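Notes to accompany the following structure.
Note that this is a predicted model, so its numbers are computed, not measured. For this chain, numbers begin at 1 and follow the sequence in order.
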Amino acid sequence: MAAEPTAHELLRKHRPTLDQALEAIRTRAYWSPHPEHPKAYGENGSLDAAAGKAAFDALLGNRLDLADQPGIDDWVGGEFSPYGIELGVTYPHPDIDVLLPAMRAGQRAWRDAGPELRAVVCLEILKRISDRTHQFAHAVMHTSGQAFMMAFQAGGPHAQDRGLEAVAYAYAEQVRTPEQAEWTKPQGKRDPLVLTKRFTAVPRGIGLVIGCNTFPTWNGYPGLFASLATGNAVLVKPHPRAVLPLALTVRIARDVLAEAGFDPNLVALAAERPGEGIAKTLALRPEIKIIDYTGSTAFGDWLETNAHQAQVYTEKAGVNTVIVHSTDDYQGMLSNLAFSLSLYSGQMCTTPQNLLIPRDGITTDQGHKSFDEVTADLARAVDGLLGDDARANALLGAIVNPDVKARLEAAAGLGEVALASREVAHPEFPGAVVRTPVIVKLDGAKPDDEAAYMSECFGPVSFAVAVDSAADAVELLRRTVREKGAMTVGAYTTDAATEQAVEEACLEEAAQLSLNLTGGVYVNQTAAFSDFHGSGGNPAANAALTDSAFVANRFRMVEVRREA
């Protein structure tokens with residue numbers, strides 16, 4: 001049996017990684033310690049593909065044991081994979097009146113450990129999660145509906161990067177103030193006033209992470225690790241259809257905390273019974289001082305309005321927009337947009353929804369293209385990308401829930417269909433619901449069409465919206481972001497004035513902008529340590545992943561001063 005890690009061993013092992021992460025968030029250059037390729041795993045304690053699949057299979061139909069978590073009063077489950085298989089995993093259900101006091105009990109020792117030790121303990125948790133990336137990939141795939149490679153990358157190394165990024169920001173903010181200072185104030189001919197001052201980063205309390213269905217780890221890890229690294233206990237409440245990835249995370253975190261000499265109850269799981277709605281109950285508990293939430297606007301607004309005792313961080317819905325004005329790489333633009341619309345069946349908070357195209361057409365390196373030609377060419381690009389069923393399954397994944405399928409089917413009735421959705425059979429999972437995107441033409445000047453394009457239609461649905469001019473496109477973009485919010489904005493233009501107008505609109509409305517993407521970077525992808533996910537400055541989200549504001553209010557600096 002391996003010896004328990006000491007503080008010195010954890011510092012020796014992980015301090016170099018922490019330093020590299022701190023340098024990465026300073027320079028915003030590319031960096032990641034977590035390999036993206038599946039073949040990179042299988043040595044130094046990490047699971048290879050076969051072992052990871054076997055570890056996942058061993059979970060099916062069994063209890064995920066957190067037997068030492070206090071207050072277990074039942075075992076609950078019910079996850080059903082979007083690929084058509086029942087997972088059959090059950091999880092401990094908490095008596096929160098027992099669990100929450102137990103979570104608070106370990107916070108003093110965790111607070112006194114200090115920012116550096118907390119950070120390297122968090123990095124040990126992330127390292128052990130990374131070692132089990134193949135197992136997590138299957139868990140994410142079969143709860144979110146992501147295709148395997150996306151589940152592997154987004155649910156594994158990219159999520160781990162976002163967790164590490166949060167730890168780095170948390171550490172940087174906590175050590176901004178020195179632990180101790182000598183203060184001397186001259187008094188002329190009299191003796192100076194001399195004080196010794198000690199400063200301690202004090203946690204707010206218990207953080208609550210309310211997980212989402214589509215990206216349980218990618219969206220869950222920033223809040224989890226930001227709160228834990230700043231000294232708070234963390235209660236993880238997964239989405240009822242995506243419990244497994246976060247339950248595995250909690251189990252690993254509890255093991256590491258216990259081995260490092262801390263109370264494992266600093267991290268706990270709150271799985272719920274069907275229809276229980278435990279998130280609302282937990283969100284209003286006085287012990288909960290921080291809430292991280294990803295999901296619908298309605299519940300995000302409710303949290304912001306009602307959870308007054310907590311610092312609330314939300315990522316909600318938005319209407320992402322791309323302006324298509326002109327391009328010097330028409331085929332590159334079409335290919336880039338086709339991939340962006342198709343990836344994970346559009347079930348990303350960053351997927352473009354509205355494509356604003358001048359009704360008189362656009363200028364390109366292939367000559368003038370009318371509105372109808374642009375939409376038809378984009379439809380052909382999507383068809384070409386997804387024409388092979390094997391490739392389509394690898395890009396699309398499965399539809400995550402019946403609501404997405406219903407929106408997809410209803411979208412065809414909203415306007416003229418430029419690209420119809422089709423069913424794709426999955427050879428390995430016959431029960432999977434796989435659909436290609438639909439593109440619908442709308443007119444930006446018609447009030448009846450506005451109701452469609454000014455509402456989020458989450459899933460593989462995009463609207464090609466005809467506008468009168470570039471100026472009208474920018475004004476509609478501005479209004480959309482201001483009223484509905486946006487996680488991403490894209491624009492294609494070769495005109496300097498149009499580019500400046502789009503950029504100014506995004507700066508004023510606090511929306512993240514990507515210009516003229518025609519290669520292997522897409523508007524719906526963001527890189528940890530470099531890109532900000534959301535801005536916190538428009539209705540789509542009140543926080544950004546990750547910046548100083550995301551971590552700084554999870555702790556307060558408390559001073560003790562003495563006369564020297």
Side-chain angles (χ1 to χ4, degrees), residues 13-14 16-25 28-53 55-56 119-120 122-169 211-212 214-226 228-229 242 244-246 248-249 252-253 256 294 343-344 348-350 394-395 397 520-522 524-533 545-546:
K13 182 178 181 182
H14 295 300
T17 303
L18 177 61
D19 288 338
Q20 287 179 287
L22 292 167
E23 179 67 6
I25 63 174
R28 317 307 295 180
Y30 171 76
W31 176 73
S32 172
H34 303 114
E36 288 185 313
H37 200 286
K39 291 183 179 179
Y41 298 83
E43 297 180 355
N44 302 316
S46 64
L47 301 180
D48 64 12
K53 177 63 163 61
F56 168 75
V120 295
C122 287
L123 265 60
E124 177 67 16
I125 296 170
L126 284 164
K127 173 63 170 66
R128 296 198 193 179
I129 292 170
S130 177
D131 287 344
R132 306 189 76 83
T133 292
H134 273 283
Q135 182 187 32
F136 272 85
H138 290 283
V140 171
M141 173 183 176
H142 284 289
T143 52
S144 71
Q146 295 175 32
F148 177 79
M149 185 53 74
M150 184 176 184
F152 184 93
Q153 293 184 340
H158 297 171
Q160 296 152 21
D161 283 348
R162 283 296 183 187
L164 175 54
E165 178 185 50
V167 173
Y169 270 99
C212 70
T214 49
F215 288 90
T217 55
W218 199 99
N219 280 109
Y221 283 3
L224 192 166
F225 285 99
L228 193 61
L244 184 55
L246 290 179
L248 288 171
T249 302
I252 291 171
V256 171
T294 301
L343 186 61
Y344 185 31
M348 305 172 70
C349 62
T350 51
L395 285 175
V521 175
Y522 304 94
N524 41 354
Q525 297 173 321
T526 58
F529 310 109
S530 187
D531 295 323
F532 293 106
H533 177 72
L545 304 179
T546 301

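- Atom OG1 of Thr17 is separated from atom NE2 of His34 by 8.0 Å, given to the nearest 0.5 angstrom.
- With rounding to the nearest 0.5 Å, the separation of CZ in Phe225 from CG in Leu126 is 3.5 Å.
- Heavy atoms only, all atoms of each residue included: Asn44 and Lys127 are closest at O-NZ, 4.2 Å.
- In this structure, CE in Met150 is found 4.0 Å from CE in Met348, a value given to the nearest 0.5 Å.
- Between Ser130 atom OG and Ile125 atom CD1 the span is 13.5 Å, to the nearest 0.5 Å.
- In this structure, His134 contributes its side chain and Ala50 its backbone to no donor-acceptor pair below 3.5 Å.
- The minimum heavy-atom distance between Val140 and Ala151, with the atom names listed, is CG1-CB, 3.9 Å.
- Arg128 contributes no side-chain N or O that, together with a main-chain N or O of Val256, makes up a donor-acceptor pair within less than 3.5 Å.
- A donor-acceptor pair is defined here as one N or O able to donate and one able to accept, closer than 3.5 Å; no such pair exists between the side chain of Glu165 and the backbone of Ala528.
- Interatomic distance, CZ of Phe148 versus NE2 of His138, reported as 4.0 Å (0.5 Å rounding).
- Using a 4.5 Å heavy-atom cutoff, the side chains of Phe56 and His142 are in contact.
- Between His14 and Cys122 there is no side-chain heavy-atom pair separated by less than 4.5 Å.
- Atom NE2 of His158 and atom OG1 of Thr526 lie 9.5 Å apart (nearest 0.5 Å).
- Among all heavy-atom pairs drawn from Ala168 and Leu22, the shortest one is O-CD2, 3.4 Å.
- A cation-pi arrangement is present between Arg28 and Phe532 under the rule of less than 6.0 angstrom and at most 45 degrees off the ring axis.
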List the steps and the verdict of side-chain contact (heavy atoms from CB on, under 4.5 Å) for Ile252 and Arg132. CA-CA 10 Å; Ile252 291 171; Arg132 306 189 76 83; 4.0 Å; yes
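- Taking both residues in full, the closest heavy atoms of Phe529 and Asp161 are given as CZ-O, 3.5 Å, listed atom of the first, atom of the second, then distance.
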May I have the list of side-chain donor-acceptor pairs in residues 214-222 shorter than 3.5 Å, sequence neighbours left out?
unit_1 : atom_1 : unit_2 : atom_2 : d
Thr217 : OG1    : Gly155 : O      : 2.9
Asn219 : ND2    : Glu315 : OE1    : 3.1
Tyr221 : OH     : Thr249 : OG1    : 2.7

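- Shown here for Thr133 and Gln160, the closest heavy-atom pair between the two residues is OG1-NE2, 3.1 Å.
- Contact between His533 and Thr350 at its shortest, heavy atoms only, is CE1-CG2, 3.6 Å.
- Residues passing the side-chain hydrogen bond (donor to acceptor under 3.5 Å, both in side chains) test with Gln153, sequence neighbours excluded: none.
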